[in-house]
Amino acid sequence: MADQVRAGIIGAGFIGAVHAQAVRVGGGTVTKVAASSPDSSAAAAARLGALAPAAGAEELIESDDVDVVHICTPNSLHVPLARRALAAGKAVVCEKPLATSLADAAALAAEAGDGIATVPFVYRFYPAVREARARITAGEAGELSLLHGAYLQDWQAGGASAGWRGHPAEGGAHRAFADIGVHWCDLVEFVTGHRIARLCARTTGGGTTTTVQFETMAGAAGAVVVSQTAIGRRNSLRFSLDGTSASYAFDQEHPEQLHIGGLGANTVLDRGSATMSPAAARYSTLPPGHPQGYQDCFNAFVSDTYRALRGDVPDGLPTFADGVRAAALTDAVVASGTSSTWVEVPAS
């Protein structure tokens, strides 16, 4: 691998542009971009600041000047493109869901083996999230008994088109839960160390809304509401993690603060506070009062992926194994919604 990581990006929509920005912040360069046609690739290369367009995804993957392949395509293309990139010996950053079925996700992770293959569960990279994780790991919450929250968006409200996400052949059959619900589950399992053991789910609104009750292996109860038709909620991923000694609450639309509930008083910890743990402070890159947001999290995720490429694997880097976990949860949600019963979540 060259001293500077050389990235190829397949897919040039909104998320492709987010990846391109993160590549540059991470010290890499975008050498190639491939879109849906050669003309689209040329336009995307100019727009995203790539050195050159690729005629297609296959050419990009085989290019000698690409070390890591970023896959930002419709879901149905994730497996074949990631498989080809892995076979070419490239590192892979693949958007979630890793695959549209649990079996395909597991097979892909097995093919990745010990190689660098990551999935952008980027909400892990908010400093407030890392602070909650550090405090829970240190035992400051006591015994966690209730994990609850929501991930609410409104881009599907009012009958707005879902684009390719609305076509099962391209987006998969799972809709909102596979798109955003897995982000909530990944975040809560990452912060608490709990794993969801069994769940009962109901999906309505043509797949745009899912409600899930669950129990964890450690004995906590929980619930999450996932919707892409919640008017006025642009991107509200929020959780409350309630223990016997303290609770921790976070809302992605207000990411600079961690709410800490106590028996005697509640406090709000601002990002950049001197009392933040080293694990959280590492991701606080701007002075207090200068808000960090989604792109900053994505930048941190890609930077950590590139650190791993250089042999220094940071704590909390989400890999294809986490993509398999998301697929297992999605599989259980679909099974529960179909049977109207509690379902065990496959170990993953």
Side-chain angles (χ1 to χ4, degrees), residues 15 19 22 68-73 75 77-126 129-130 133 136-137 147 172 174 177-199 214 216-218 279 297-298 300-335 343-348:
I15 202 65
H19 279 252
V68 54
V69 177
H70 291 245
I71 299 172
C72 309
T73 64
N75 302 340
L77 298 176
H78 291 178
V79 169
L81 292 175
R83 181 166 284 144
R84 184 160 187 157
L86 291 170
K90 305 298 172 73
V92 180
V93 178
C94 184
E95 275 295 328
K96 57 93 201 92
L98 188 57
T100 56
S101 75
L102 175 55
D104 282 348
L108 192 59
E111 290 178 39
D114 294 329
I116 303 303
T118 62
V119 178
F121 286 117
V122 298
Y123 298 111
R124 295 182 178 196
F125 292 85
Y126 277 113
V129 165
R130 294 288 175 135
R133 182 176 187 243
I136 289 171
T137 300
L147 318 176
H174 313 127
F177 186 84
D179 191 21
I180 61 174
V182 293
H183 270 300
W184 190 92
C185 294
D186 175 81
L187 195 61
V188 168
E189 289 194 337
F190 174 70
V191 171
T192 64
H194 284 230
R195 302 282 272 187
I196 296 172
R198 57 196 303 264
L199 58 80
F214 61 85
T216 73
M217 293 180 181
C297 288
F298 223 106
F301 158 72
V302 170
S303 293
D304 275 9
T305 297
Y306 289 3
R307 278 183 61 188
L309 274 171
R310 298 184 177 99
D312 179 16
V313 181
D315 175 57
L317 182 65
T319 68
F320 274 20
D322 298 296
V324 175
R325 176 63 181 170
L329 287 162
T330 301
D331 198 59
V333 164
V334 172
V343 170
E344 302 293 318
V345 178
S348 56

Excluding sequence neighbours, so at least two apart, what forms salt bridge (Lys or Arg N to Asp or Glu O under 4.0 Å) with R130? none
Can you name the residues that form a side-chain contact (heavy atoms from CB on, under 4.5 Å) with D322, not counting sequence neighbours? F121, R124, D186, P318, T319
If you round to the nearest 0.5 Å, how far is OG of S101 from CG of N75? 12.0 Å
Considering residues at least two apart in sequence or located in another chain, which fulfil the salt bridge (Lys or Arg N to Asp or Glu O under 4.0 Å) criterion with D114? none
Partner set under side-chain hydrogen bond (donor to acceptor under 3.5 Å, both in side chains) for H183, not counting sequence neighbours: none
Nearest atoms (heavy-atom pairs only) where R133 meets F190: NE-O, 3.2 Å
Determine the minimum heavy-atom distance between P120 and V93, stating which atoms define it. CG-CG1, 4.2 Å
Rounded distance (nearest 0.5 Å) linking atom CG of L86 with atom CG of L81: 11.0 Å
Any non-hydrogen side-chain atom of C185 less than 4.5 Å from a side-chain atom of I196? yes
Supply the atom-to-atom distance I15 CD1 to I71 CD1, rounded to the nearest 0.5 angstrom. 13.5 Å
What residue pairs, at least two apart or across chains, pass ring pair (Phe, Tyr, Trp, His ring centres under 6.0 Å) with a residue in residues 83-112? none
Pairing residues for R195 by the salt bridge (Lys or Arg N to Asp or Glu O under 4.0 Å) criterion, not counting sequence neighbours: E189
Taking every heavy atom of A22 against every heavy atom of V302, the minimum-distance pair comes out as CB-CG2, 3.6 Å
Among residues at least two apart in sequence or on other chains, which ones pass side-chain contact (heavy atoms from CB on, under 4.5 Å) with A105? L98, A99, V324, A327
Across all chains, not counting sequence neighbours, the side-chain contact (heavy atoms from CB on, under 4.5 Å) partners of A117 are A112, F320
Applying side-chain hydrogen bond (donor to acceptor under 3.5 Å, both in side chains) to T118 and not counting sequence neighbours gives T305
Listed by chain and number, what are the side-chain contact (heavy atoms from CB on, under 4.5 Å) partners of C297, not counting sequence neighbours? V122, F125, Y126
Is there any salt bridge (Lys or Arg N to Asp or Glu O under 4.0 Å) pair reaching into residues 86-103, and which pairs are they, with sequence neighbours excluded? K96-D179
So, taking the atom named CG in D304 and the one named CG in L309, what distance separates them when rounded to the nearest 0.5 Å? 11.5 Å
Sorted by chain and number, sequence neighbours left out, side-chain hydrogen bond (donor to acceptor under 3.5 Å, both in side chains) with R83 holds for E111
